[in-house]
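Report on the following structure.
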Amino acid sequence: MKKKLTNLPPTYNAQKVEQDIYAQWEKGGYFLPKRRPNTKTKKPFIISLPPPNATGTLHLGHAMMLAIEDLMIRYHRLKGEEVLWVPGTDHAAIATQNVVEKKIWQEEKKTRHDLGRETLLRRIEEFVEQSRGTIRSQFRRMGASLDWSHERYTLDEGLSRCVRMIFKMMYDDGLIYRGNRVVNWCTRCQTTLADDEVEHRETTATLYTFRYSKDFPILIASTRPETKLGDTAVAVHPDDERYRQFVGQTLTVSFAGKELTIRIVADPVVDREFGTGAVGVTPAHSQADAEIAERHKLPAVKVVDEAGAMTDEAGPDFAELPVSDVRTKVVAWLRKHKLIEKEETVPQNLTVCYRCETPVEPLVSKQWFVAVNKLFELRQDTLGNVRTEKGAIATLKVLMQNAVESGQITIIPDRFQKTYLQWIYNLRDWCISRQIWFGHRIPVWYRPKADQPGAGLEIYVGIEPPKVDGWEQDPDTLDTWFSSGLWTFSTLLKQDGTAATLENWQAESPDLKRYHPTSVLETGYDILFFWVARMVLMTTYALGEVPFRTVYLHGLVRDKDGRKMSKSLGNVIDPVDMIDKYGADAVRLSLIIGTTPGNDVRLYEEKIAGYRNFVNKLWNISRYILTTTTATDAPPKAKTLADRWILAEFEQLKHVVAKHIDAYRFSPAGEALYEFTWSKLADWYVETTKVEGGKDAILRHILRELLVLWHPFTPFVTEHIWQLLGESKPLISTNWPKIREVESVYEFSRIQETASAMRNLKQKHGNNLEMLYIVPGSWHETLATQRTLIETLGRSKINFAEQVPADVPKRVLDGATVFAMAATVDKKKLQTERDELERYITTLHQRIQSDNFSSRAPAAVIAKEKERLQQAKKKLKHL
RNA sequence: GGGCAAUUAGCUCAGAUGGUUAGAGCGCUUCGUUUACACCGAAGAGGUCGGGGGUUCAAAUCCCUCAUUGCCCACCA
């Protein structure tokens with residue numbers, strides 16, 4: 001085992017080793033949560049993998065997510081902590097149903113109605129099963145050390161039961177209600193959409209300023225004249241003198257063949273400056289108008305239906321015609337009767353479906369909602385230090401706010417904290433019912449009231465269907481984010497716990513106790529609202545604790561020109577192609593180094609190729625060490641200055657890398673490793689070993705520990721080399737290296753100068769200057785000459801320049817780069833440093849002491865500043 | 001309308017609490033195939049840190065202002 005290796009290929013072949021290594025890890029059970037004895041940290045480290053959509057294939061967003069999460073997971077695992085990384089998939093209701101329906105249409109020209117509910121669901125499940133297999137194998141290709149035994153799917157029975165349980169809980173608490181409200185309706189998807197499932201597109205529209213009829217006293221403006229058939233009022237500002245005389249009147253007009261009853265109401269939301277200062281109120285087709293209508297008790301007339309056609313209410317001329325046709329007809333009617341005062345083209349934010357970009361039709365509809373502003377009684381102590389306890393009164397909004405404001409959840413980067421709070425501030429009741437078939441059926445059953453026929457419906461809400469006949473289940477399904485909002489804890493419930501009840505489900509789930517709250521939630525900032533906020537809402541409500549401690553938001557992966565990657569643009573980079581070509585390690589590095597949380601990254605093939613080159617460099621450093629040194633148990637002992645330098649640098653590196661990773665600064669951690677490995681170890685130290693023999697112990701030692709440091713970034717190549725080193729246990733399960741005591745790095749500085757500048761150097765550092773000559777590269781002379789130089793001058797403590805042997809040509813010396821290390825402490829520099837530090841400590845101290853700071857700054861900030869003060873004091877002592 | 005971010009080398013980007021001469025990768029120029037590596041090595045060019053003002057012993061970093069770009073939120077009919 002302990003012998004030199006020969007015949008290692010000069011080029012690292014990732015394709016050849018990666019899949020075997022992954023299989024070996026998985027087979028060895030290294031992904032299962034396990035705490036190593038003697039580990040100080042008792043708390044487990046948990047990440048719930050943001051579940052990819054069941055129809056998806058691996059894209060760069062996933063790749064980035066996996067690279068970052070696997071980095072954290074492996075780091076904590078190496079530190080001996082018990083780590084759990086829960087994988088899974090999301091059924092992604094609308095998205096998935098759309099995909100499958102489209103596919104079926106293309107292949108068989110059948111719609112979902114041709115197939116029927118049962119058949120469509122079966123077809124979707126078949127499709128999903130296949131997709132999940134693809135995703136699983138692709139996630140493995142990335143090297144993700146997921147605990148596959150914990151894999152979950154949002155439609156698993158355990159998770160579905162959890163959905164029904166939470167639904168019932170919220171219903172019982174009065175937080176879920178059914179109501180007639182204006183919702184966003186997608187006429188193509190044939191379903192409601194939540195407020196954040198709609199997007200806005202900048203377009204232009206024609207704004208018509210007109211009267212309903214000749215005798216109507218007020219001009220109104222609209223870009224959608226056809227909806228005016230549903231108007232029941234005109235709203236004006238209460239202080240608007242122009243219209244004051246009309247307020248309170250009810251007028252009847254004949255508009256485009258339909259008789260309208262219009263009340264004139266005064267409402268402060270109306271902007272006097274905009275348009276005519278009067279708004280035609282359409283309560284059934286505008287959320288804003290619905291709110292006005294509610295205040296003034298106005299009726300709502302629904303003139304557009306779910307298919308995007310006019311209803312009977314729109315009058316016989318228009319009923320059942322598509323909205324766009326009716327607009328043309330209404331405008332024509334207005335023109336004919338000379339009612340249009342003005343037509344202008346205005347910029348408009350068109351609201352469209354985020355899935356299919358179809359313009360959204362706001363319409364009034366009977367749906368299920370989650371009430372975010374309703375007061376309810378907490379079921380349990382909630383959120384630790386926040387002023388809440390069992391029985392206290394709160395709203396869901398307050399829970400969401402508290403979780404972040406109290407510092408129980410930290411968002412990285414912190415600017416998103418503001419975004420999050422702002423979003424909650426504007427949040428309205430969440431429409432959770434969807435008119436699609438794929439998903440969690442709403443656990444509500446109806447039956448006609450038995451005693452008085454025709455008197456309406458009786459409602460049953462339950463985890464199980466009603467035991468007696470005669471009940472019919474609500475046909476709708478739940479918004480997919482309802483179930484993914486439960487993800488951090490629904491995945492930890494006992495999967496066979498079918499008997500779980502509202503009373504005992506928490507106690508019955510040991511995993512929930514042990515692994516919740518999770519440590520970090522890592523995801524793209526684009527789903528901060530969709531998902532992250534929903535998880536906070538659901539979890540603080542259901543469990544009385546936060547779902548995670550830290551939210552790490554990564555940016556979006558874009559192409560070289562900063563454009564979004566999309567199939568239509570043809571600029572999509574497939575991560576699997578890149579893995580095939582450059583290896584998973586290179587792909588991972590390209591997504592971690594040079595990226596910062598919350599900021600988009602541009603990725604292109606050259607970048608990945610660059611990191612492939614680095615992986616090969618690491619391979620060749622290892623190859624050199626493996627083939628030229630023998631394994632030894634001797635501890636690494638510094639003999640020459642170069643040894644002392646590299647060992648000190650290495651200890652410094654360990655410190656820096658851990659510090660960065662602990663602070664979620666993955667890119668600087670990777671950069672530090674990269675710099676050490678290539679510029680210090682390979683370019684300088686390894687070169688010295690060629691002329692200064694006897695470095696086996698140091699080289700082997702550094703390589704061994706360096707592989708551990710690199711492992712969270714590049715798991716495959718490090719594991720491969722590790723095993724070539726003859727280690728008995730796989731790298732994945734080894735220990736993170738301890739930091740050893742070394743001479744302070746302040747004692748060394750590396751100086752790179754030309755030989756002719758060396759005299760100045762000597763003057764600067766005095767007689768204590770220790771020099772080491774090495775020849776990094778392009779000398780024209782032979783290795784033997786280099787060796788002579790080093791032997792005669794190398795470790796000289798005196799003025800070497802006068803000792804250059806006569807047979808060394810002057811041009812060699814002048815043209816060469818000299819590697820010199822000053823072992824002296826630069827007293828002046830040290831003093832400056834001390835002064836700065838002292839000043840810094842004074843400043844910090846003053847800041848902390850000041851009333852303004854101590855009374856106003858958040859607790860977390862004060863703690864941080866205090867910690868800084870401690871650190872600075874410690875550092876000063878060290879100097 | 002409100003908010004957030006970005007603007008640093010030809011390109012893509014780092015620069016934590018202000019602190020030596022502003023960094024990296026790619027690209028470019030010159031040189032070099034010496035037994036870890038040409039997916040390499042050596043040397044080098046290239047920056048008024050978007051403009052202007054201010055605070056400070058010290059500003060890419062903090063403040064004000066302007067410009068450009070991008071994103072998010074919002075019921076302006």
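The sequence lines fix the lettering, A, B, ..., with proteins before strands; numbering per chain opens at 1. Predicted model, so just to flag it, every value in this text is computed and none were measured.
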Give A:Ala290 one of three labels, base, sugar-phosphate or nothing, depending on what nucleic acid heavy atoms sit under 4.0 Å from its own. nothing
The nucleotide from B:A14, B:A36, B:C39 with an atom nearest the side chain of A:Asn599 is B:A14
Between A:Lys617 and B:G41, is there a side-chain N or O to OP1/OP2 distance below 4.0 Å? yes
Expressed in angstrom and rounded to an integer, what is the separation of A:Ile411 atom CD1 from B:C4 atom P? 16 Å
Can you check the distance between B:A22 and B:C63, where both ends of the measurement are the C1' atom (answer in whole Å)? 22 Å
Tell me which nucleotide among B:C40, B:C4, B:A42 gets nearest to the side chain of A:Asp683. B:A42
Compute whether any side-chain donor of one residue and acceptor of the other, for A:Thr677 and A:Trp710, lie under 3.5 angstrom apart. yes
A:Glu605 has an atom CD; how far is it from atom C1' of B:U12, in whole Å? 15 Å
State which residues pass salt bridge (charged side-chain N to carboxylate O under 4.0 Å, His left out) with A:Asp231; sequence neighbours excluded, sorted by chain then number. A:Lys228
ring-ring contact (aromatic ring centres under 6.0 Å, His included) with A:Phe666: which residues, sequence neighbours excluded? A:Tyr552
In whole angstrom, give the distance that lies between atom CD1 of A:Ile608 and atom C1' of B:C26. 14 Å
Establish, with yes or no, whether the OP1 or OP2 oxygen of B:U12 is under 4.0 angstrom from a side-chain nitrogen or oxygen of A:Arg602. yes
Determine the Euclidean distance between corresponding C1' atoms of B:A16 and B:G23; express it in Å to zero decimal places. 15 Å
Please report the distance separating the C1' of B:A77 from the corresponding atom of B:C71, rounded so that it comes out in whole Å. 27 Å
Which whole-number value in Å describes the distance from A:Glu675 CD to B:G15 P? 16 Å
Could you tell me how far B:U12 sits from B:U7 if I compare only their P atoms? Round to whole Å. 12 Å
How would you label the contact of A:Gly610 with the nucleic acid (heavy atoms, under 4.0 Å): base, sugar-phosphate, or nothing? nothing
Salt-bridge test for A:Asp559 and A:Arg563: reply yes if a basic N is under 4.0 Å from a carboxylate O, no otherwise. yes
Report yes if a donor N or O on one partner sits less than 3.5 Å from an acceptor N or O on the other, where the partners are the side chain of A:Arg623 and the base of B:C37; otherwise report no. no
With rounding to the closest Å, how many angstrom separate the P atoms on B:G15 and B:A24? 15 Å
Go nucleotide by nucleotide along RNA chain B from the 5' end; which of A:Tyr674 and A:His660 gets its closest nucleotide reached first? A:His660
Side-chain donor-acceptor pair present, A:Arg428, A:Gln287, cut-off under 3.5 Å: yes
Atom pair CZ/CD1 of A:Phe210 and A:Ile340 - distance to nearest 0.5 Å: 8.0 Å
Taking 4.0 Å as the cut-off, does a side-chain nitrogen or oxygen of A:Lys607 come that near to OP1 or OP2 on B:U12? no
What nucleic acid atoms does A:Arg415 come within less than 4.0 Å of, heavy atoms only: base, sugar-phosphate, or nothing? sugar-phosphate
Measure the distance from CZ on A:Phe416 to C1' on B:G3 and round it to the nearest whole Å. 12 Å
Nearest-Å distance once atom P is located in both B:C62 and B:A5: 10 Å
Identify, with sequence neighbours excluded, every residue that meets salt bridge (charged side-chain N to carboxylate O under 4.0 Å, His left out) alongside A:Arg558. A:Asp600
Please encode protein proximity along nucleotides 72-77 of chain B as a string of B, S and -, counting only heavy-atom distances under 4.0 Å. SSBBBB
Ignoring hydrogens and geometry beyond distance, is a side-chain donor-acceptor pair present between A:Asn373 and A:Asp429 at under 3.5 Å? no
Give the C-alpha distance, both sets of side-chain angles, the deciding distance and a yes or no for ring-ring contact (aromatic ring centres under 6.0 Å, His included) between A:Tyr420 and A:Phe416. CA-CA 6 Å; A:Tyr420 170 92; A:Phe416 281 100; over 10 Å; no
Rounded to whole Å, how long is the line connecting atom NE2 of A:His554 with atom P of B:A5? 20 Å
With a 4.0 Å cutoff (strictly under), does any side-chain N or O of A:Thr595 reach OP1 or OP2 of B:A14? no
Determine the stems involving RNA chain B; a stem requires 3 or more consecutive pairs of the Watson-Crick or G-U wobble kind, each with both distances below 3.5 Å, and the answer is none if no such run exists. B:1-7 with B:67-73, B:10-13 with B:23-26, B:28-32 with B:40-44, B:50-54 with B:62-66
Main-chain N/O of A:His200 paired to A:Asn349 side chain as donor or acceptor, under 3.5 Å: no
Which residues satisfy the ring-ring contact (aromatic ring centres under 6.0 Å, His included) test with A:Tyr674, sequence neighbours excluded? A:Phe614, A:Trp678
For B:C39 and B:C26, measure between their C1' atoms and round to the nearest Å. 14 Å
Looking at A:Thr282 and A:Ala284, would you say the former's side chain and the latter's main chain have a donor-acceptor pair under 3.5 Å? no
Just how far, in rounded Å, is C1' of B:C37 from CG of A:Leu681? 13 Å
So, OP1 or OP2 of B:G41: does either fall under 4.0 Å of a side-chain N or O from A:Trp678? yes
Using the C1' atom as the point on both nucleotides, what is the distance between B:U20 and B:C66, in whole Å? 33 Å
Rounding to an integer number of Å, can you tell me how far A:Tyr611 OH sits from B:A24 P? 13 Å
